[in-house]
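Here's the structure we're looking at; comments come further down.
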Amino acid sequence: MSCRQTVEASPDIVTGILTVQSHDVYALINPGSTLSYVTPFVTMEFGIELEQLHEPFSVSTPVGESILATRAYRSCVVMVRGRDTIVDLIELGMVDFDVIMGMDWLYSCFAKLDCRTRTMRLEFPNDPVVE
């Protein structure tokens with residue numbers, strides 16, 4: 001079973017399709033991750049400048065590997081049900097997901113995850129709830 005199949009079979013994981021920089025991507029919503037990540041395979045179409053990180057850092061993967069993060073895409077537009085949000089995406093060589101959306105993005109979107117129903121609610125102040 002691949003990492004993606006294992007994750008999708010887990011009852012406490014939320015996955016789905018998000019639109020990042022006007023491209024549909026397969027996303028893992030991961031409140032256990034501090035930052036958000038993107039695979040270099042989808043960024044070729046983004047049309048935004050890649051930034052070298054001043055201080056590269058190591059990222060532990062669910063399969064126990066460690067990957068060095070050295071580059072980022074700043075201020076990427078993520079659309080959820082017609083609502084634009086912004087996130088910095090760290091480039092990470094991964095194959096199971098196009099993006100991993102972490103706490104940095106979830107916090108900025110006032111997100112609430114329901115792991116039982118595998119849904120995410122964005123509760124922006126003074127706006128209708130986006131689910």
Side-chain angles (χ1 to χ4, degrees):
M1 186 178 277
S2 75
C3 179
R4 181 173 172 169
Q5 290 170 322
T6 302
V7 166
E8 288 177 341
S10 177
D12 56 353
I13 299 295
V14 178
T15 61
I17 302 297
L18 293 177
T19 303
V20 179
Q21 291 297 119
S22 300
H23 293 84
D24 289 343
V25 297
Y26 186 62
L28 169 64
I29 309 301
N30 185 1
S33 177
T34 304
L35 301 173
S36 297
Y37 301 93
V38 62
T39 180
F41 302 112
V42 300
T43 58
M44 292 180 268
E45 305 294 325
F46 279 8
I48 57 176
E49 191 173 324
L50 182 63
E51 176 185 311
Q52 287 295 129
L53 297 175
H54 296 293
E55 295 184 33
F57 59 94
S58 184
V59 178
S60 298
T61 68
V63 294
E65 295 176 347
S66 189
I67 301 172
L68 188 64
T70 61
R71 305 185 304 182
Y73 293 88
R74 302 290 183 192
S75 301
C76 295
V77 177
V78 179
M79 183 179 286
V80 181
R81 302 254 187 214
R83 169 74 190 234
D84 284 350
T85 65
I86 302 293
V87 69
D88 292 339
L89 293 171
I90 307 297
E91 186 179 73
L92 197 63
M94 55 187 171
V95 294
D96 290 315
F97 298 96
D98 297 326
V99 295
I100 297 174
M101 305 307 288
M103 282 299 293
D104 58 337
W105 181 72
L106 293 167
Y107 175 82
S108 73
C109 293
F110 301 86
K112 290 186 180 178
L113 295 177
D114 183 336
C115 294
R116 180 163 299 280
T117 61
R118 293 184 172 194
T119 58
M120 176 178 66
R121 294 171 57 95
L122 306 183
E123 298 183 359
F124 295 98
N126 305 316
D127 282 352
V129 171
V130 177
E131 188 170 317

Do you know the tightest heavy-atom contact between [X] and [Y]?
| X | Y | answer |
| --- | --- | --- |
| D96 | Y26 | O-CD2, 3.8 Å |
| D104 | D88 | OD2-O, 3.9 Å |
| C76 | V20 | CB-CG1, 4.4 Å |

Task: N/O donor-acceptor pair under 3.5 Å between S36 side chain and L89 backbone - done: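 Absent.
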
Open item on the list: When you measure from the side chain of Q52 to the backbone of R71, do you find a donor-acceptor pair of N or O atoms at a distance under 3.5 Å?
Closed with: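 A pair under 3.5 Å: no.
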
TODO: For side chain to side chain contact (heavy atoms under 4.5 Å, CB included), just list the numbers for M120 and L106, CA-CA rounded to whole Å, side-chain angles, deciding distance to a tenth of an Å, and then say yes or no.
DONE: CA-CA 9 Å; M120 176 178 66; L106 293 167; 3.8 Å; yes

Task: For D127, all residues meeting salt bridge (Lys or Arg N to Asp or Glu O under 4.0 Å), sequence neighbours excluded - done: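 If we apply the salt bridge (Lys or Arg N to Asp or Glu O under 4.0 Å) test to D127, skipping adjacent residues, the hits are R83.
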
Task: All salt bridge (Lys or Arg N to Asp or Glu O under 4.0 Å) counterparts of R121, not counting sequence neighbours - done: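 By the salt bridge (Lys or Arg N to Asp or Glu O under 4.0 Å) rule, R121 matches E123, E131.
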
According to side-chain hydrogen bond (donor to acceptor under 3.5 Å, both in side chains), who are the partners of [X], at least two apart in sequence or on a separate chain?
| X | answer |
| --- | --- |
| S75 | none |
| S108 | none |
| S22 | none |

Task: Over 12 non-hydrogen atoms of neighbours within 6.0 angstrom of OH in Y107 - done: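 Count not over threshold, so no.
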
TODO: Could you check I86 against V77 for side chain to side chain contact (heavy atoms under 4.5 Å, CB included), going step by step and ending with a plain yes or no?
DONE: CA-CA 5 Å; I86 302 293; V77 177; 3.8 Å; yes

If you look only at distance, which donor and acceptor atoms sit under 3.5 Å apart when one is on a side chain in residues 41-51 and the other is two or more places apart or in another chain?
from	atom 1	to	atom 2	distance (Å)
T43	OG1	P40	O	3.0
T43	OG1	Y73	OH	3.0
E51	OE1	R74	NE	3.4
E51	OE2	R74	NE	3.2
E51	OE2	R74	NH2	3.1

Open item on the list: Would I100 and M94 count as a side chain to side chain contact (heavy atoms under 4.5 Å, CB included) here? Give the steps.
Closed with: CA-CA 10 Å; I100 297 174; M94 55 187 171; 3.6 Å; yes

TODO: Indicate yes or no: at least one non-hydrogen side-chain atom of V38 is less than 4.5 angstrom from one of V99.
DONE: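 The answer is yes, as the side chains (C-beta and beyond) meet within the 4.5 Å cut-off.
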
Task: Side chain to side chain, M101 and V78, heavy atoms closer than 4.5 Å - done: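 Yes, side chains in contact.
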
Open item on the list: If we check side chain to side chain contact (heavy atoms under 4.5 Å, CB included) with L18, which of these qualifies: V87, D24, T85, I29?
Closed with: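 Only match with L18 under side chain to side chain contact (heavy atoms under 4.5 Å, CB included): I29.
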
Would [X] end up clustered with [Y] when hydrophobic side chains under 4.5 Å apart are linked, directly or stepwise?
| X | Y | value |
| --- | --- | --- |
| V14 | F110 | yes |
| L53 | L92 | yes |
| V129 | W105 | no |

Open item on the list: What verdict does the side chain to side chain contact (heavy atoms under 4.5 Å, CB included) test give for R81 and L122, after you've listed the backbone C-alpha separation in whole Å, the side-chain angles of each residue and the deciding distance to 0.1 Å?
Closed with: CA-CA 10 Å; R81 302 254 187 214; L122 306 183; over 6 Å; no

Open item on the list: To the nearest 0.5 Å, what is the distance between OH on Y37 and CG on N30?
Closed with: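 Result: 9.5 Å between the selected atoms.
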
